[in-house]
Amino acid sequence: MSKKKVKVFAPATISNLGSGFDVIGIALEKFGDIVVAERSKEYGITFSVKTTEKNIPTGSDNNVAAYVAQLMLDEFKPNYGVKMVLHKQMPIGSGLGSSAASSVASVVAVNALLPKPLQKKDLLRFAVEGERMASRSPHADNAAPSLFGGAVLIRSYFPLDVVQLPVKNKLWWVVARPHIVIRTEDARNILPHLIDLKAAIIQWGNFGGLLAGLLEGNAKLVGKSVEDVIIEPVRKRLIPGFDEVKFAAINAGALGCSISGAGPALFAVTDSEKIGKKIAKAMEETFKKQAKLKCDTFVSKINMKGAIEI
Ligand code: HSE
């Protein structure tokens, strides 16, 4: 049923999970963005941002939330406009799907206001356009898990085809986000266009192991399968202290560790919340010691709900 006013939360995400560059992501229980939207008599989007984060684009012409909302209005041409407030609760350039959380919260909110709301699956293409705007790349591995929740495989981009994985939600995901910004576009521009067959064989073996481990809830299998021999060796140069922080995570009991999305956040996997907290502490201390970087950490299971009205 369509509504006059809605408030939507869309969660942060870890994309790539090491070995699955651009084709997998999970939603997290902590962190995310909120959009409040209501129908208005003025056509188009009336947009504002409330945030304590730095360098957030606040215009209707440069913020992804406003952009994707306008795309939906252009397509569905309702006889009203939308007044939207983005409560931006995530830093940008964090590696935790900040732009995707804004886009997803926006499309879910605008959809709920439509006379005939679409199903969630029909909203992904709009959210992905927000990713294209933010980073010049329409990757879906943050937007899809933020929208649907759980662990989502991007089986194909052309056409866009996503598969929600029936995971056993038993693992704990540790996130350590150092206080630096990495623009996704920059982190993509340094990647190779061609890869070595030997590396590809290692990578797709790991990716298969990752999927099997997620389905089984097998932390050991997931941990060893997040190993990324293609992207991490290139991108880790953008993250001061990367090797030491990863070593500290493994030393503290992590079963695997890699870059979250385009970084700078790192994630680690474990089967226990208690060990997860120990890993988080070790990662935070090591970022401070090795790179003089402040860092936020949290430990989360997979958020199985994705974007929701609150
Ligand atoms: N898969 C994308 C990348 C996610 O790693 O560039 C960016 O948020």
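Atoms within a ligand are numbered from 1 in the order they appear, just like the ligands themselves.
Listed by number with element, the atoms of ligand 1 under 4.0 Å from a non-hydrogen atom of Thr184 are 6 (O), 7 (C). Those atoms of ligand 1 with a heavy atom of Gly261 less than 4.0 angstrom away are 5 (O). Atom numbering of ligand 1 starts at 1 in the shown order; those under 4.0 Å from a heavy atom of Ser15 are 4 (C). Under a 4.0 Å criterion applied to the non-hydrogen atoms of Phe21, ligand 1 contributes the atoms 3 (C), 5 (O), 6 (O).
Using a 4.5 Å heavy-atom threshold, the side chains of Gln89 and Thr51 count as separate. Contact check for Ser48 versus Leu86: no side-chain heavy atoms found under the 4.5 Å cut-off.
Put simply, no part of Gly97 is less than 4.0 Å from ligand 1, judged by heavy atoms. Using 4.0 Å as the threshold, Glu131 has no heavy atom nearer than that to any atom of ligand 1.
Enclosure of atom NZ in Lys120 by more than 12 non-hydrogen atoms of other residues, nucleotides or ligands within 6.0 angstrom is indicated.
The protein non-hydrogen atom at the shortest distance from atom 8 (O) of ligand 1 is Asn142 OD1, 2.8 Å. Atom 6 (O) of ligand 1 has its closest protein heavy atom at Arg188 NH1, 2.7 Å.
With respect to the salt-bridge test (charged N to carboxylate O, under 4.0 angstrom), the residues Arg136 and Glu131 do not qualify. Taking the charged nitrogens against the carboxylate oxygens, Lys170 and Glu216 have no contact shorter than 4.0 Å, which rules out a salt bridge. Between Lys289 and Glu244 there is no salt bridge, since none of the side-chain N atoms of the basic residue sits less than 4.0 Å from a carboxylate O of the acidic one.
In the model, Lys281 has no side-chain atom that pairs as donor or acceptor with a side-chain atom of Thr297 under 3.5 Å.
When atom types are taken as modelled, the side chain of Asn63 and the backbone of Pro57 share a donor-acceptor pair closer than 3.5 angstrom.
Within the 4.0 Å heavy-atom criterion, neither part of Glu185 lies near ligand 1. Only side-chain heavy atoms of Asn16 come within less than 4.0 Å of ligand 1; its backbone N, CA, C and O stay farther off. Residue contacts with ligand 1 for Asp22 involve both N, CA, C or O and side-chain atoms from C-beta outward (heavy atoms, distance under 4.0 Å).
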